[in-house]
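Working notes for the structure below.
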Amino acid sequence: SSDEAEAPRTAVVPQPAKVTKKGTDIMRRTAFVSDERFFWHTCGVPVMGCDVADLDVASGIFVQASRHFENSETKRRALNLLDACGLLAKLDTSVVKHRVATDEELLLVHKKKYIDLLRSMEDGGDAGDFAQFGRGSFYIATLAAGTVIEAVRAVMSRVVHNAYVLCRPPGHHAERDRGMGFCLLNNVAIAASFARQTLGVERVAIVDYDVHHGNGTQQAFLEDDSVLFISIHQDGLYPLNSGSSDEQGTGRGKHYTINVPLPPGSGVGAYEYAFSKLVIPTLTAFRPDLLLVSSGFDASYLDPLGTMMVTAECFGRLAKSLVDLEVPAVFVHEGGYSENHAPFCGFRVVEAMCGLSESPVKTTDDGEAALYAYQALQPWQKAIVDESYSSNAAPCIARCESK
């Protein structure tokens, strides 16, 4: 196992969580976990969180120094918002403990050669495609992976109904033998594999609404009918040529990989239709024992790395539709790069998870964004969701119902 592996700290285990009514709210017991060390991850550049300048007049290169998109500020602001408005005090921050994942756990998904490579780059390095990292970041990535595992352990023990893990670096692009798209280790895939192989969980569902396709998670479970993977993402964004609706799994896993590649400019109408038409019915038929959510907010209408139009209020409604399934659930933070808007998206998700119907926070910009042209479901968007449903989700539902 890892030289830096820490034994998980034992929490005082309370009585099993129960759904309780408080006024008009349905209060679920929701765990929340983050760690200051997550915010110390850097993307392998000399100045913390910054890209260096590149000036070559002869070659026509004029790049001013700027902050890297995957910096700590967006996630730190999300934590600060939860704290400032008082919601953090209503969450259980003591049940899920932080620990690094062991090598044995990492190897549930990743190849040993890749883990050895990451560990060998003590001062940071290049893990793959857009996956540079700085000194100490491999340790932080193992801390994120181990903490997600502990969140799974907490919800499966029914100590809490669900949990949100606000961690860095993100993970859903990381493949077996390389990092991709700011991701080093695939936190969600590792946690799903741990649940199946160590905890004996029979069926795991993964929903990924990050604007970029969760290629690494898809790769991990292509041939597995015990893990349902549904990704709703912007078509043709990142990775290129990844996440088309005809990527449906292979062998025993056929139709248990479901991609919904929405066109650029999709908004509230398209996402809510995709959930009501495809995501929720498929999850209901699959009957998961555990739900993992790759919770990325770069489909936000203000995100610099996507061209979608989802509002914070919409993210909250999507999350509510998932937690209303009453399945033990862990939401794991992925992308989302708008410092002004992503924190509110995360807030609405956590709010939905614990069942608050009266919010202490207003998202004033969402009112205007909800009125954007083409925010409603468009015919071409509906056609894509319907095609993904008929070609892939419907056969998956039929297989599930026949078991």
Side-chain angles (χ1 to χ4, degrees), residues 8 10-20 26-34 90-99 101 105 108 144-167 171-172 186-209 217 220-221 224-230 256 275 279-295 316 318-334 349-356 400:
T10 303
V12 176
V13 180
Q15 294 298 313
K18 297 179 180 179
V19 177
T20 59
I26 301 297
M27 299 293 293
R28 297 182 182 88
R29 188 170 184 190
T30 296
F32 180 88
V33 59
S34 191
K90 299 180 180 181
L91 307 176
D92 195 320
T93 57
S94 63
V95 168
V96 179
K97 299 303 180 183
H98 320 89
R99 70 166 176 90
E105 292 163 345
L108 292 172
T147 302
V148 175
I149 287 173
E150 289 304 306
V152 166
R153 196 191 297 274
V155 300
M156 291 311 300
S157 67
R158 305 303 195 272
V159 174
V160 290
H161 294 99
N162 50 51
Y164 196 99
V165 184
L166 179 61
C167 60
H172 70 150
N186 198 312
N187 302 317
V188 165
I190 292 168
S193 298
F194 176 87
R196 288 276 300 122
Q197 298 185 36
T198 303
L199 299 183
V201 176
E202 187 175 348
R203 292 180 300 275
V204 179
I206 301 171
V207 175
D208 187 334
Y209 51 65
T217 312
F221 304 110
D224 193 342
D225 63 352
S226 67
V227 178
L228 171 66
F229 174 65
I230 304 176
Y256 286 85
F275 265 64
V279 176
I280 301 304
T282 309
L283 289 174
T284 301
F286 182 66
R287 305 186 311 279
D289 302 298
L290 169 67
L291 173 63
L292 299 174
V293 181
S294 280
S295 185
L318 300 182
K320 182 178 185 303
S321 70
L322 294 174
V323 297
D324 280 351
L325 295 171
E326 297 297 344
V327 175
V330 176
F331 286 62
V332 182
H333 206 99
E334 298 280 3
V349 166
V350 174
E351 193 174 52
M353 292 173 67
C354 62
L356 292 180
C400 292

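Side-chain contact between I230 and T282 is present, with heavy atoms from C-beta onward closer than 4.5 Å. Under the 4.5 Å side-chain criterion, counting only non-hydrogen atoms from C-beta, E150 is not in contact with V33. For the pair P288/L228, no side-chain contact is recorded, criterion being any heavy-atom separation below 4.5 Å from C-beta on. With contacts defined as side-chain heavy-atom distances shorter than 4.5 Å, the pair V332/L166 does not qualify. Contact of the E334 side chain with the D208 side chain is not registered, since no non-hydrogen atoms from C-beta on lie closer than 4.5 Å. Looking only at side-chain heavy atoms (C-beta outward), F331 and V350 stay at 4.5 Å or farther from each other. When side chains are defined from C-beta on, C354 does not count as touching K90, because their heavy atoms never get closer than 4.5 Å. Using a 4.5 Å heavy-atom cutoff, the side chains of R99 and I149 are in contact.
Between the side chains of Y209 and S295, a donor-acceptor pair is found at a separation under 3.5 Å.
Of all non-hydrogen atoms in V155 and P328, the two that sit nearest each other are O-CB, 3.8 Å. A31 approaches V96 most closely through the heavy-atom pair CB-CG2, 4.0 Å. What you find for A352 and G316 is that their closest heavy atoms are CB-O, 3.4 Å. Shortest non-hydrogen contact noted between A285 and C400 is O-CB, 3.4 Å. Taking every heavy atom of both residues into account, A319 and V349 meet most closely at CB-CG1, 3.9 Å. Shortest non-hydrogen contact noted between V204 and A195 is CG2-CB, 4.4 Å.
For R28 and D324, the salt-bridge test passes: some basic side-chain N is under 4.0 Å from an acidic carboxylate O.
A donor-acceptor distance shorter than 3.5 angstrom exists from the side chain of H98 to the backbone of S34, with no hydrogens or angles considered. For S157 (side chain) and A154 (main-chain N/O), a donor-acceptor pair under 3.5 Å exists by modelled atom type. No donor-acceptor distance shorter than 3.5 angstrom exists from the side chain of H333 to the backbone of V165, with no hydrogens or angles considered.
In terms of the salt bridge (charged side-chain N to carboxylate O under 4.0 Å, His left out) criterion, residue partners of R203 (sequence neighbours excluded) are, by chain and number, D289. Residues meeting the side-chain contact (heavy atoms from CB on, under 4.5 Å) test with A191, sequence neighbours left out: V148, V152, L292.
Residue R153 holds its CZ atom at 14.0 Å from NZ of K97, rounded to the nearest 0.5 Å. Taken to the nearest 0.5 Å, the CE atom of M156 stands 11.0 Å off from the CZ atom of F194. To the nearest 0.5 Å, atom CG of residue L283 and atom CD1 of residue I206 are 11.0 Å apart. Here the CD1-CZ distance, from I280 to F275, works out to 6.5 Å after rounding to the nearest 0.5 Å. Once rounded to the nearest 0.5 Å, the distance linking CG of L108 with CZ of R196 reads 11.5 Å. Here the OG-CG distance, from S193 to N186, works out to 8.5 Å after rounding to the nearest 0.5 Å.
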Inset, instruction - Please assess R29 against D92 for the test side-chain contact (heavy atoms from CB on, under 4.5 Å), listing each intermediate value before the final yes or no. - result: CA-CA 7 Å; R29 188 170 184 190; D92 195 320; 2.3 Å; yes

Legend entry - Stepwise side-chain contact (heavy atoms from CB on, under 4.5 Å) test for C167 and N187: CA-CA 10 Å; C167 60; N187 302 317; 4.1 Å; yes

